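Report on one structure; see the data block that follows.
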Amino acid sequence: MDMNSGELRTPEDARKIIKTAKLHESELTEITQILRFPKPSEKNDNLRLMLLDTNLLAEIESGNELVFKGDPDENVVLCTSNKTYDVKEAETSNSLLLVPDLLLGASTSLDETMKNKSMECDSDSSLDKSNASLNKSTESDDGTKTPRIIQHKDIINTFFTYYEVKPCKPRLSKLRKLLDPTKFQGLELEYAVDKSKLLNYDAIFDQTQASRAELDTELEKIQAIKIDDYYRLLEFDYEFRVLSYMLDLIEENSWPLNRISKEITLESLKDLVPSSILKAMFRFYTKEAVVEDSVQYYQYKQDKVCSFLARVLLKSAGKFNLAEFLQAWRDSVPEGMTTDESLLSGIALIDKTTIPQVIWGFAESDLPEDINERFKILFQTRTKWTVDQISPYIECYATEKMNVNALLTKYARASTQDGVRVFSAKHMK
Amino acid sequence: MESKTETEGGVPEWAIVELQGLIQTKKESLEGPTVVGDLHYYSRNHHPVLILGHHVLNGKEVKLDQPMAVIEKVNASDKTEYKVRAVVKKKILFKSRPKPIISNVAEKV
């Protein structure tokens, strides 16, 4: 039987094939769809299949733009305006024949009402009917009784692979690396900055595997400041300089801590700090406080100020006497602010087993990105950690599906020490 | 590398015919399309039946667990764009063994 000859089938051809296949035409709906491979020039090799979740389907159906992102050395991600998806290619041993405008069962019957009736029939009468039609079909093999409509449908391409997408965390660690070379260190040092490395928003967006909303949140979080159209991080010492100017105004003006004036702060420092930086720093370090006589007053975020000043003290390498450090820290913060050891988590480690007790700087941002490397360093630094101690250093890997505890179960060994659950390296050396 | 997918308003819905293994055609015409097979549906239950060469395949219409987008790579000037050509929400799945057509009289069509 040569099925390949001729590009257009007639109803007669279709009937003959039905008969050869020992099917009964009267049991079939009236439309025969002839599936064809289009002529090679019409095959579309630029098509891909991609699985969607309900969110992506909704985005597509409302006509929103989705963006694939990734450098050649990165796994590609798909971004909506506010979510990021991991994209992976999956294989199937089945052939997926993609057919535009293919009619599904319900739309191939000419008489919808007839169909509905027969669907409603109970099985007995349906069987009767089917027997009846069977007889009829044998009688009417010449095919004159029922109409047969031929529709040719082209298989636009055959697929054995498709893309799977899975919501993932945006990949933002690269952002710091992108911005590090152009840190702002003060106007007097601007001459030393390689201007060719400055990045505007679009350049950053293109290179970061994150959606716009996620990128915007992260830029604010890492305190990137838009200066003359380019996003810049502040160099640590410069940030300290600006924050000190700002905090000094509290004493200068004898402001209560919840009566910080934005206007006076900006006005007093306008000759010392570029306005975009000053405004951003004020936003990073303060929150709204009272309104009096329709003037909005602000207060400094105590925890943020105290943590930053602790980092300033811990900046020089080496260990410090804990008691001396705590005293120096208390002295460094504006009067009325309270330092608290809990603010040191993720910034410093304290060893209370030594005499005297010591503290040293140990910042999350200085640890390696790779999770295995990071755990290695963590357990080299300290053999046993409580969940609270280690959390700030591994939180960045936590996802909805795998929280910090699950991470620890996977990468560390749990044990109990003096009734406290502690984690140590999985493999003893 | 960055590329975009866009939709132009109403996205058409296409369908997939899923078969086990692959279809080999004896000869593929370069001039025109090559017929693969005849697809019918039973009136009674709308189950699909595909006559493919010497085989009859009985299948089922299945709603995809996850819908699919059909995206097409379009080369724009500096960026690679993908256009969403269609979405696929249903497929016709033929997963049972094809039944050979046993015929004493091989008919030429």
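A quick note: this is a predicted structure, and the numbers were derived from the prediction, not measured. In what follows, chains are A, B, ... by sequence order, proteins preceding strands, each numbered from 1.
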For [X], is it the side chain, the backbone, both, or neither that has a heavy atom closer than 4.5 Å to a heavy atom of chain B?
X	result
Ile150(A)	neither
Leu103(A)	backbone
Leu51(A)	both
Phe159(A)	neither
Thr32(A)	both

When Arg148(A) is tested against each of Ile31(A), Leu28(A), Thr10(A), Asp13(A) for side-chain contact (heavy atoms from CB on, under 4.5 Å), which residue passes?
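The passing option is Leu28(A).
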For Leu78(A), run the side-chain contact (heavy atoms from CB on, under 4.5 Å) check against Met50(A), Lys83(A), Lys166(A), Gln209(A) and tell me which one passes.
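Among the candidates, only Met50(A) passes.
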What residues, two or more places apart in sequence or in another chain, satisfy side chain to side chain contact (heavy atoms under 4.5 Å, CB included) together with Asn46(A)?
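Applying side chain to side chain contact (heavy atoms under 4.5 Å, CB included) to Asn46(A) gives Asn44(A), Glu72(B), Lys73(B).
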CA sep, side-chain torsions, deciding dist, call: Asp216(A), Tyr201(A), side chain to side chain donor-acceptor pair (under 3.5 Å):
CA-CA 10 Å; Asp216(A) 293 349; Tyr201(A) 187 86; 2.6 Å; yes
Pairs of heavy atoms under 4.5 Å with chain B: top-ranked of [options]:
options	result
Leu98(A), Val99(A), Leu104(A)	Leu104(A)
Leu57(A), Asp154(A), Asp53(A)	Leu57(A)
Leu102(A), Ile18(A), Leu52(A)	Leu52(A)

Does any heavy atom of chain A fall under 4.5 Å from the side chain of [X], the backbone, both, or neither of them?
X	answer
Pro67(B)	both
Glu61(B)	side chain
Val56(B)	side chain
Val88(B)	side chain
Leu50(B)	side chain
Lys91(B)	neither
Ala86(B)	neither
Ile16(B)	both

Assess, by modelled atom type and distance only, whether the side chains of Asn94(A) and Gln20(B) contain a donor and an acceptor separated by less than 3.5 Å.
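Per modelled atom types, Asn94(A) and Gln20(B) side chains form no pair under 3.5 Å.
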Ignoring hydrogens and angles, tell me if any N or O in the side chain of Thr208(A) forms a donor-acceptor pair with the backbone of Ala210(A) under 3.5 Å.
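Checked: no pair found.
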Leu49(A) side, atom CG; Asn157(A) side, atom CG - distance, nearest 0.5 Å:
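With rounding to 0.5 Å, CG (Leu49(A)) is 9.0 Å from CG (Asn157(A)).
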Run Lys99(B) and Arg97(B) through side-chain contact (heavy atoms from CB on, under 4.5 Å) and show every step you take.
CA-CA 6 Å; Lys99(B) 262 190 340 210; Arg97(B) 247 185 117 72; over 6 Å; no
Glu74(A) pairs by side-chain hydrogen bond (donor to acceptor under 3.5 Å, both in side chains) with which of Arg171(A), Lys174(A), Lys69(A), Gln207(A)?
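Exactly one option meets the side-chain hydrogen bond (donor to acceptor under 3.5 Å, both in side chains) with Glu74(A), and it is Lys174(A).
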Is Arg212(A) close enough and on-axis enough to Phe205(A), meaning under 6.0 Å and within 45°, for cation-pi?
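Geometry flag: set, cation within 6.0 Å and 45°.
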